[in-house]
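Accompanying notes for the structure given below.
Whatever order the structure lists them in is the order used to number ligands and atoms, beginning at 1. Note that the coordinates shown come from a computational prediction; the quantities given were computed from them, not determined experimentally.
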Amino acid sequence: MSSHQTPAIELRGAGKTFRTPSGGLHTAVRDLDLTVDQGEFVAVVGPTGCGKSTTLTLVSGLEEATTGDVLVGGAPVTGIGPTTGFVFQQDAVFPWRSVLSNVMAGPRFRGVPKAEARERARAWLARVGLGAFEDRYPHQLSGGQRKRVALAATFVNDPTLLLMDEPFSALDVQTRALMSDELLDLWAGTGASVVFVTHDLEESIALADKVVVMTAGPATVKEVFTIDLPRPRKVESIRLEPRFLDIYREIWTSLGEEVRITRERGAADAA
Ligand SMILES: Nc1ncnc2c1ncn2[C@@H]1O[C@H](COP(=O)(O)OP(=O)(O)OP(=O)(O)O)[C@@H](O)[C@H]1O
């Protein structure tokens, strides 16, 4: 990565304070400093409720930072850019549209002619192994297949920035590992920058170039770990590598402390 490139994302002292329904103020994240380089895969881990999703909504422009700066492609973020893709835990598919129509929707919305949109959608469906399922409706698919549709529907738009909020957490363990491999295959060579929020430390290490550990809420960046595992990766085999286990232990030392703080606070609140 050449050092003169504008980072894909820069958070500088970014924070977000929400007004609660009772009229109080709740700080969700504070003093966030983070750089995501172009083409980099960054995973964000942190204790439950610490502010991971809020961080992602700041980057997406869905929420405006209360303090500090959020830059995407070197410019202050003003809303969801046309080249930003999202994948969430919930299936972001239209239940009343066929699989093919779902994947064509993005390009059509962006003004791509129908025949070309269909061709591009078919190519991505083939890549996710759903070429034979284009006429099905989402309810006729398994959870993993629906997730594949969501990935095809995202990648068909050639995103330069991918924001993913626990996209695989509703899936069973085996499907989850398959989807992680699938994601890495689809992402490889696209040059897209990824911010991937997860609860799962193993998943974060297997996928990412950098793992960002956030503190107990209101979250700030605690530590950033560079993951020096080679690519291409297969998540089921890489997690058995000695280097993977060393990295896991190192990051857990940092993350575990924040998880404990969060648990103790929860116990104190309940007492
Ligand atoms: N719109 C909002 N209004 C008020 N408070 C909010 C709002 N959105 C989030 N919060 C609060 O901000 C804090 C951080 O929430 P956020 O969803 O970002 O955490 P998270 O780390 O993604 O959580 P989880 O690990 O459970 O997915 C929480 O205390 C939450 O209740």
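Within 4.0 Å of ligand 1, counting heavy atoms only, the contacting residues are F18, H26, A28, T48, G49, C50, G51, K52, S53, T54, E166, H199.
Residue-environment remark: CZ (R263) stays at or below the threshold of 12 foreign heavy atoms within 6.0 Å.
Atom CD of Q140 sits about 10.5 Å away from atom CD of Q145, to the nearest 0.5 Å.
Pairs engaging residues 42-59 under the side-chain hydrogen bond (donor to acceptor under 3.5 Å, both in side chains) rule: S53-D165 [sequence neighbours left out]. Screening residues 92-103 for side-chain hydrogen bond (donor to acceptor under 3.5 Å, both in side chains), with sequence neighbours left out, gives R97-S101. For residues 23-32, the pairs satisfying side-chain hydrogen bond (donor to acceptor under 3.5 Å, both in side chains) are T17-T27, with sequence neighbours left out.
By the 4.5 Å heavy-atom criterion applied to side chains, D200 and R176 are counted as neighbours.
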